[in-house]
Amino acid sequence: DGINAKSRAYDITSIPLTDNHAQALDAALSSLNGSYFWSRLGGDTEPRKYRLNPFQWQSSFDGPNRTTFSFKVNEAFDP
């Protein structure tokens, strides 16, 4: 982000999810509305703030109870 040169970024692809879990993840991602979330990704030992970048995701329906999601995140920093 210019100030923090060591920002973490990840391309994430989920494992195949059940239909219920896929609907829950889609709702959770939608509810972010561009905001950040806390998570441990990669080698994080403590939760860090991340933001979808860009604010979008893709889902792939590969059959009943087999939906995968993919999206990109960047570490978010307070201004």
Side-chain angles (χ1 to χ4, degrees):
D1 69 3
I3 297 172
N4 298 292
K6 294 186 178 184
S7 176
R8 292 167 172 82
Y10 298 97
D11 292 331
I12 297 174
T13 300
S14 74
I15 61 170
L17 303 172
T18 65
D19 294 344
N20 287 340
H21 284 117
Q23 290 172 348
L25 179 57
D26 188 67
L29 293 172
S30 293
S31 72
L32 288 173
N33 198 27
S35 188
Y36 66 88
F37 61 95
W38 291 90
S39 186
R40 289 185 187 136
L41 300 174
D44 294 345
T45 56
E46 298 292 325
R48 295 181 182 272
K49 286 171 44 173
Y50 290 95
R51 179 174 283 121
L52 294 180
N53 187 21
F55 181 66
Q56 65 185 29
W57 55 95
Q58 294 76 39
S59 60
S60 173
F61 180 73
D62 301 320
N65 292 311
R66 294 196 53 80
T67 301
T68 56
F69 283 78
S70 59
F71 49 91
K72 297 177 185 226
V73 299
N74 284 59
E75 188 172 9
F77 296 96
D78 293 324

Quick one, Leu52 with Tyr36, criterion side chain to side chain contact (heavy atoms under 4.5 Å, CB included). Give me CA distance, side-chain angles, the key distance, then yes/no.
CA-CA 7 Å; Leu52 294 180; Tyr36 66 88; over 6 Å; no
Could you go through Ser60 and Asp62, starting from their C-alpha distance and side-chain angles, then the distance that decides it, and tell me whether this counts as side-chain hydrogen bond (donor to acceptor under 3.5 Å, both in side chains)?
CA-CA 6 Å; Ser60 173; Asp62 301 320; 3.0 Å; yes
With heavy-atom distances below 4.5 Å as the criterion, would you say the side chains of Asn33 and Ser35 are in contact?
no
When rounded to the nearest 0.5 angstrom, what distance separates OG1 in Thr45 from CZ in Arg40?
7.5 Å
Non-hydrogen atoms of Ser70 and Thr13 that approach each other most closely
CB-OG1, 3.7 Å
Asp19 and Arg66: salt bridge (Lys or Arg N to Asp or Glu O under 4.0 Å), yes or no, with the steps?
CA-CA 7 Å; Asp19 294 344; Arg66 294 196 53 80; over 6 Å; no
Looking at side-chain heavy atoms only, is the closest gap between Ile12 and Trp57 below 4.5 Å?
no
Do we see a donor-acceptor contact under 3.5 Å between the side chains of Tyr10 and Asn53?
no
Any side-chain heavy-atom pair from Ile15 and Thr68 closer than 4.5 angstrom?
no
Within this structure, what is the CD-CG distance for the pair Gln56 and Leu29, rounded to the nearest 0.5 Å?
11.5 Å
Of all heavy-atom pairs between Tyr50 and Asp44, which one has the smallest distance, and what is that distance?
OH-OD2, 2.5 Å
If you define the side chain from C-beta out and look only at heavy atoms, does anything of Lys49 sit under 4.5 Å from Glu75?
no
Treating Arg51 as the side-chain partner and Gly34 as the backbone partner, does any N or O pair qualify as donor plus acceptor under 3.5 Å?
yes
At their closest point, which heavy atom of Phe55 faces which heavy atom of Ser30, and how far apart are they?
CZ-O, 4.1 Å
So, the side chain of Ser14 versus the backbone of Phe69: is there a donor-acceptor pair under 3.5 Å, distance only?
yes
Shared ILVMFWY cluster between Leu17 and Leu41, side chains joined below 4.5 angstrom?
yes
